[in-house]
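Sequential numbering from 1 along the given sequence is applied to the chain's residues.
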Amino acid sequence: MTLSRVAMVGAVLLGVVAGTPLAAAQSVPVTPSAPVTPPPGPPVEPMPMPTVVPGAPLSSDVPALLRSAPVVETVPAAEAAPASTPAAAPESTAPANPPACVPWKVSTVADGFGVLENLAFDGDGTMLLSESIPFGDGAIRTLTPSGEAGTLVSDVQSPGGIVVDGDRVVFTTGNNVMAGLWGSANGTVDAVDRDGGNHTTLTEGLSMPNGLALLDGGDLLVTHAFGDEPGLTRIPASDPTSAATVRTDVGSANGLFSTPTSVYVGNTVDRSTEVHVLDAGDLTGEVTTLTLPGGGAANAGDDLTVDADGLVYIALNGAGKVVRVDPATGDTCEIATDLPMTSSVRFGSGTGWDSTSLYATSFAGTVHRLTPPGN
């Protein structure tokens with residue numbers, strides 16, 4: 001964003017009421033019963049206590065939160081139920097082999113850009129970057145796997161989210177914090193051919209449009225973190241001029257990603273950092289909410305993406321982290337830290353970009369590669 005969410009978070013922190021910490025668990029006092037005097041009789045020899053063999057220690061690849069939790073031994077199912085009526089295993093949507101919480105390797109792909117808000121891949125070997133300049137116009141920049149930078153379209157005011165739709169690149173403009181706080185409706189959704197020609201405006205009158213996603217039917221979704229109606233807006237492919245608000249109950253909506261079945265919306269400066277999962281076929285229906293550790297304003301959640309197994313990866317701009325979330329269990333893992341002002345993450349696509357690695361942009365003008373363990 002032109003004024004940078006760093007400045008915005010500072011302002012918001014002054015007005016955000018910190019959430020009340022959870023009260024520590026209190027032990028319940030137990031009143032001992034009066035001692036019972038045994039009847040006289042022959043002395044009873046004390047029974048020796050059986051030897052208890054402690055269980056093996058948890059492996060080092062288990063998340064710290066799990067390692068710190070007390071381990072409770074349970075009776076094996078075979079002993080708890082008669083052999084004639086075995087208990088059926090419950091169905092689960094969790095991956096058969098959930099990934100261990102191990103840090104990913106971080107390397108620098110390129111630096112020296114202005115404020116980078118978002119990225120996308122055109123599928124043919126080019127990374128697309130939305131770049132803002134603090135005291136000038138922004139641009140949609142290009143980057144090759146060899147590190148060669150270029151410009152797809154210049155003179156763009158505060159570009160935000162980017163998606164590739166066939167032969168064109170679609171992006172938001174007016175993604176400026178002050179425009180959002182003042183309720184200015186100068187934001188647009190623009191499109192340009194992948195060769196840089198035919199730059200057109202599809203939708204006008206938006207207030208700080210940030211995240212951008214393309215639905216299967218061709219409609220677009222846009223998030224707004226501030227303004228009169230922060231939330232989610234839908235732009236019909238049949239008539240891009242008739243944008244309509246879809247939801248206003250997803251907080252300060254920022255990050256946005258869609259799959260054929262689900263839409264993921266992340267917030268940015270609410271009390272807690274959350275990812276709201278919507279049904280792509282019924283955007284006004286039931287919502288599943290995933291909550292991340294840490295304070296919302298301090299985390300400053302930004303853009304996000306989802307892998308083929310349904311795991312969510314979200315950039316925490318304020319905390320300087322990339323966190324993985326398992327929607328099936330709610331488990332989280334910090335796969336990368338010490339990444340100041342990280343703003344967006346996407347898996348590589350196209351020649352020269354590793355499809356198993358995440359690529360991350362930052363307000364510091366740097367593009368990083370996050371490589372999973374074993375690669």
Would you say [Y] and [X] are linked by a side-chain donor-acceptor pair, where the criterion is simply a distance under 3.5 Å?
X      : Y      : answer
Ser343 : Thr361 : yes
Gln157 : Thr173 : no
Thr356 : Asn375 : yes
Thr366 : Asp111 : no
His224 : Ser207 : no

Problem set entry | Pair Phe347 + Phe121: ring centers closer than 6.0 Å | no
Sorted by chain and residue number, the salt bridge (charged side-chain N to carboxylate O under 4.0 Å, His left out) partners of Arg324 (sequence neighbours excluded) come out as none
Sequence neighbours excluded, the answer for salt bridge (charged side-chain N to carboxylate O under 4.0 Å, His left out) partners of Glu334 is Lys321
Decide yes or no for [X] and [Y]: does some side-chain heavy atom of the first lie under 4.5 Å from some side-chain heavy atom of the second?
X      : Y      : answer
Thr200 : Asp190 : no
Val189 : Leu206 : yes
Tyr313 : Leu304 : no
Val277 : Leu290 : yes
Phe113 : Ile133 : no
Arg194 : Asp124 : yes
Glu274 : Val287 : no

For the [atom1] atom of [X] and the [atom2] atom of [Y], what is their distance to the nearest 0.5 Å?
X      : Y      : atom1 : atom2 : answer
Asn118 : Asn175 : CG    : CG    : 9.0 Å
Leu311 : Asp326 : CG    : CG    : 5.0 Å
Ser262 : Phe257 : OG    : CZ    : 11.0 Å
Leu119 : Ile140 : CG    : CD1   : 11.0 Å
Phe226 : Ser184 : CZ    : OG    : 14.5 Å
His368 : Asp338 : NE2   : CG    : 10.0 Å

Donor-acceptor check, side chain of Asn299 to backbone of Pro293, threshold 3.5 angstrom: yes or no?
yes
#### Entry: Heavy-atom donor-acceptor pair, Thr329 side chain to Asp331 backbone, under 3.5 Å
yes
Grouping I, L, V, M, F, W and Y whenever their side-chain heavy atoms are under 4.5 Å apart, do [X] and [Y] come out in a common cluster?
X      : Y      : result
Tyr264 : Ile314 : yes
Leu116 : Met341 : no
Leu212 : Ile162 : no

- prompt: How about Asp249: does its CG atom have over 12 heavy atoms from other parts shown lying under 6.0 Å from it?
  reply: yes
The single option from Arg369, Arg346, Lys105 that satisfies salt bridge (charged side-chain N to carboxylate O under 4.0 Å, His left out) with Asp354 is Arg369
| query | So Asp270 and Ser252, side-chain hydrogen bond (donor to acceptor under 3.5 Å, both in side chains) or not? Walk me through it. | reply | CA-CA 7 Å; Asp270 298 313; Ser252 53; 3.2 Å; yes
Looking only at heavy atoms, the pair that brings Ala280 and Pro260 closest together is CB-O, 3.8 Å
Shortest non-hydrogen pair, Ser258 vs Leu215, comes out as CB-CD2, 4.2 Å
Result for side-chain contact (heavy atoms from CB on, under 4.5 Å) between Thr273 and one of Leu316, Thr291, Thr268 points to Leu316
I'd like to know if Asp193 and Arg168 make a salt bridge, using a cut-off of under 4.0 Å between side-chain N and carboxylate O.
no
For Asp307 and Thr305, what are the C-alpha separation, side-chain angles and deciding distance, and is it a side-chain hydrogen bond (donor to acceptor under 3.5 Å, both in side chains)?
CA-CA 7 Å; Asp307 69 12; Thr305 193; over 6 Å; no
